[in-house]
Engineer: 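Below: one structure in structure tokens.
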Amino acid sequence: MKIQNITFIFLLFFCFLINAQDMSEYTDNWEGKIENSKIFNIKVEILNIKSEKAFVRISNTKNNIDFPVPINLNNNSIKIAFSENFSFEGVLSKDNKEINGFIKSGLLLYHLKLTQSNHNSYVGNWNILMIDELKSQDLYLSIENGLQNEYQAYPILGDNRFTGTWCDNFQKDNNVISFLDFKTGLHFKGKLENKKIQLNIFLDNFLISEIDLKRSQSDWKIGDFKIENTNSVLKLTEMEDLIFKDSLPNTHSVLISRKGKLFYENYFNGYTATIPHDMRSASKSISSAIIGIALDKSLFKNVNQSIFDFLSPKYQTQKDSLKAKINIQSLLTMSSGLDAIDYGKNANSKSPATEENFQRTTDWTRSVLSASMINAPNTQANYGSANPYLLGIAMDSIINEPLELFMDRNLFQKLHISNYIIQTDLKGKPYFGGGMYLTPRDMLSFGELYLNYGKWNSKRIISRKWVNDSFKNHHALENTIDKNGYGYLWWHNTYFSKGKKIKTIEARGAGGQYIFIIPSLKVVVVITSGNFRNGKTQQPEKIFEDYILPNIKK
């Protein structure tokens, strides 16, 4: 009896020790090794698609898991829900040779092209982290603000070509912590042990990787990959030397085409032609193209229509005599009049319509529409992502299929673009304010589409009228230093080379993501970068003016 009591007391004490683990003891930097450089590259197969025994198999170098699912091929469309936040939706081509669709995981829509492997089966690859192979297998974990059961945890890859996690939902159950990357949908679960953390990474119920983490004893080694891939006729030696010396820091790629022919292509800091790059707001110009395609198809009347023509009844209470004048054109030209200015001297940090503010709410549309008006629509332009966000809501309301499938079928497939990712809003709809991922070559193709006034490979994709209207200088952006002219989600700028003015139309994104279109030279230039926090977001303009323009001859 005494032995039983002692055992019982010991168990109680042991349980108390587990429950009493204080996260302050684990507040530190931790590190470990990912077991395989391709562990995040997932093979996706849809098997027996036209039978009652259809199922989906996902696998990596470690595990595989089958999802038996009923597949309803209604109008050749396929919709598969694996879990609440993990699904696939696509369309089987008319010739039955491929399926184009999207895996929805977290806030991202990963485009996936599955090709026919046998009569009823299709296979494709999904790179969760956007990169096809890790150049560093180091994984770091920063546990911060630990106190009893409270903490935050942020995993960071040694390979910084992945743009990073957005973690939340930090929980602790006895000696197990868990948290979610709501961007990619990856779920992290860590077992707290003496002097180590056993960290498992899941996609729904699929175990991707197991990593043993120990406390870091030295500074983390992140990035510093100097491999480049050259495909160039033009030589830009001075520019390349400065990039390698880090005098033009965090430059990831430079590509130049003339009259549709690629004659300079170079990648830096480990980036390659196959890695989709975070375009940030440069993808606003792609949003503009989708609106033009919808208008070409007569899915709405004209750009003078009020935004309230596209909104559900629950938002009509936000309408007043001035806001009713917010039309499609005013949103395309950043001149809605809403207090939605993201940066600059006119920005209002308390406005509910700034991107930083409305994205923190549960109803983005209501937050944006509740902002005050600072001027009448179509009179003054101030850059702010709330404007194109509303355009995405408008397009989703008039397109009779998932918006991302419309975008894929009417733009990306026609440009032969398949390796790309779309960021969504909280409702899983494409976010027109920015955040798409395209490879630099595909960014170049998109620029060439506009250089050729809506044609690509001699085929019409967008009407010439839409491109002409997009390239007009409608307003000057009041909250920019240069007071740049602005078209339909396209920037205007002027450069000087050899005493001559060179006018450009540009797609621009934070951190230094640029598509330069130079109609007078029949040239398109793409520069991607990673200058998100050092104030060098406009560095590509210097590269373009000082090192590219002087080497392009008429």
Side-chain angles (χ1 to χ4, degrees), residues 160-161 163-164 222-230 232 234-257 264-273 275-285 342-344 383 434-441 443-444 446-447 477 479-486 490-497 502-518 521 523-552:
N160 65 342
R161 297 175 303 165
T163 55
I222 298 173
D224 197 28
F225 309 119
K226 298 298 183 183
I227 301 172
E228 70 278 355
N229 177 25
T230 302
S232 307
L234 181 68
K235 299 298 180 185
L236 298 176
T237 306
E238 184 180 3
M239 178 197 75
E240 292 169 7
D241 287 345
L242 290 171
I243 292 173
F244 291 135
K245 292 175 182 176
D246 213 27
S247 297
L248 295 171
N250 302 314
T251 299
H252 296 162
S253 72
V254 179
L255 290 81
I256 307 171
S257 69
Y264 183 87
E265 179 181 25
N266 215 332
Y267 298 88
F268 310 92
N269 297 299
Y271 283 81
T272 68
I275 298 175
H277 202 282
D278 186 354
M279 294 176 66
R280 298 293 175 101
S281 287
S283 63
K284 285 179 169 69
S285 301
D342 284 343
Y343 60 82
Y383 187 92
M436 291 189 63
Y437 294 72
L438 264 67
T439 68
R441 284 183 182 176
M443 293 169 67
L444 198 73
F446 179 70
L477 292 172
N479 60 325
T480 61
I481 294 175
D482 298 327
K483 297 290 191 293
N484 297 82
Y486 204 70
W490 286 94
W491 295 71
H492 285 246
N493 207 359
T494 301
Y495 299 88
F496 293 88
S497 178
I502 305 294
K503 292 186 177 182
T504 62
I505 309 294
E506 300 171 7
R508 295 185 181 183
Q513 327 313 325
Y514 276 68
I515 303 173
F516 300 86
I517 299 174
I518 312 100
L521 301 178
V523 166
V524 178
V525 176
V526 166
I527 299 177
T528 61
S529 322
N531 291 309
F532 298 108
R533 299 179 182 87
N534 60 6
K536 295 182 179 292
T537 193
Q538 291 180 267
Q539 179 177 274
E541 296 173 41
K542 174 180 176 60
I543 294 173
F544 177 74
E545 186 170 49
D546 292 353
Y547 307 108
I548 294 177
L549 278 180
N551 288 285
I552 298 176

Engineer: Show your reasoning for whether side chain to side chain contact (heavy atoms under 4.5 Å, CB included) applies to Asn266 and Leu236.
Structural biologist: CA-CA 10 Å; Asn266 215 332; Leu236 298 176; over 6 Å; no
Engineer: Distance from Phe225 atom CZ to Arg161 atom CZ, nearest 0.5 Å?
Structural biologist: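 Reported value, rounded in 0.5 Å steps: 6.5 Å.
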Engineer: Hey, could you give me each pair passing salt bridge (charged side-chain N to carboxylate O under 4.0 Å, His left out) that has a residue in residues 539-551? Not counting sequence neighbours.
Structural biologist: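 The answer is Arg508-Glu541, Lys542-Asp546.
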Engineer: Can you measure from CG (Asn160) to CG (Asn269) and round to the nearest 0.5 angstrom?
Structural biologist: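 Output value for this atom pair is 8.0 Å.
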Engineer: Gln538 side chain to Gly512 main-chain N or O, any donor-acceptor pair under 3.5 Å?
Structural biologist: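 Looks like no, no N/O pair under 3.5 Å.
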Engineer: Return the orientation label for the Phe516 and Tyr495 ring planes: parallel under 30°, perpendicular over 60°, tilted otherwise.
Structural biologist: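 Perpendicular, since the angle between the ring planes exceeds 60°.
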Engineer: If you compare all heavy atoms of Tyr514 against all heavy atoms of Thr537, which two are closest, and at what distance to 0.1 Å?
Structural biologist: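 Shortest heavy-atom contact: CE1-O, 3.7 Å.
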Engineer: To the nearest 0.5 Å, what is the distance between CG on Leu477 and CG on Asn484?
Structural biologist: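 Nearest 0.5 Å value for the CG-CG distance: 6.0 Å.
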Engineer: Is the shortest side-chain heavy-atom distance between Thr504 and Trp491 below 4.5 Å?
Structural biologist: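 Sidechains of Trp491 and Thr504: no contact.
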Engineer: Identify the heavy atoms of Gln513 and Ala282 that sit nearest to each other, and give their distance.
Structural biologist: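 So the two residues come closest at O-CB, 3.8 Å.
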Engineer: Looking at every heavy atom in both Pro440 and Tyr267, which two are closest together, and how far apart are they?
Structural biologist: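 Here Pro440 and Tyr267 meet closest at CG-CE2, 3.9 Å.
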Engineer: Could you tell me which non-hydrogen atom of Met443 sits nearest to which non-hydrogen atom of Thr528, and how far apart they are?
Structural biologist: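 For Met443 versus Thr528, the nearest heavy atoms are SD-CG2, 3.9 Å.
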Engineer: Quick one, Glu265 with Arg441, criterion side chain to side chain contact (heavy atoms under 4.5 Å, CB included). Give me CA distance, side-chain angles, the key distance, then yes/no.
Structural biologist: CA-CA 9 Å; Glu265 179 181 25; Arg441 284 183 182 176; 2.5 Å; yes
Engineer: Under a 3.5 Å threshold, yes or no: a donor from one side chain and an acceptor from the other, between Thr163 and Tyr437?
Structural biologist: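 Note: Thr163 and Tyr437 side chains meet the donor-acceptor criterion.
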Engineer: Measuring from atom CD1 of Ile243 to atom CD1 of Ile543, what distance do you get when rounded to the nearest 0.5 angstrom?
Structural biologist: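 Rounded to the nearest 0.5 Å, the CD1-CD1 separation comes out at 5.0 Å.
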Engineer: Would you say Gln539's side chain and Pro249's backbone share a donor-acceptor pair under 3.5 angstrom?
Structural biologist: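 Such a contact is found between Gln539 side chain and Pro249 backbone.
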Engineer: Between Val524 and Phe446, is any pair of side-chain heavy atoms under 4.5 Å apart?
Structural biologist: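 SC-SC contact between Val524 and Phe446 ruled out.
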Engineer: Would you find a donor on one side and an acceptor on the other, under 3.5 Å apart, between the side chain of Ser283 and the backbone of Gly435?
Structural biologist: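 Yes; judged by distance alone, with no hydrogens or angles, the pair exists.
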Engineer: For Ser529 and Gly511, work out which heavy atoms get closest and say how close.
Structural biologist: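 Distance-wise, the nearest heavy atoms are CB-O, 3.1 Å.
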Engineer: From Tyr547 OH over to Ile552 CD1, what is the distance, rounded to the nearest 0.5 angstrom?
Structural biologist: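 Answer rounded to 0.5 Å: 15.0 Å.
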Engineer: Flag the pair Lys536 / Asn250 as yes when at least one side-chain heavy-atom distance between them is below 4.5 Å, and no otherwise.
Structural biologist: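 Sidechains of Asn250 and Lys536: no contact.
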Engineer: Is the Tyr486 ring parallel, tilted or perpendicular to the Tyr383 ring (thresholds 30°, 60°)?
Structural biologist: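 Because their plane-to-plane angle is over 60°, the rings of Tyr486 and Tyr383 count as perpendicular.
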Engineer: Report yes if the side chains of His277 and Leu438 come closer than 4.5 Å at any heavy-atom pair, otherwise no.
Structural biologist: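 No, every pair of side-chain atoms sits at 4.5 Å or beyond.
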Engineer: Could you tell me the separation between the CD atom of Glu506 and the CD1 atom of Ile518, rounded to the nearest 0.5 Å?
Structural biologist: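 That separation rounds to 8.5 Å.
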Engineer: If you take all heavy atoms of Val525 and Ile548, which pair is closest and at what distance?
Structural biologist: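 Closest heavy-atom pair between Val525 and Ile548: CG1-CD1, 3.8 Å.
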Engineer: Check whether any side-chain N or O of Asn479 sits under 3.5 Å from a backbone N or O of Tyr343 as a donor-acceptor pair, and report yes or no.
Structural biologist: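 Yes; at least one donor-acceptor contact below 3.5 Å.
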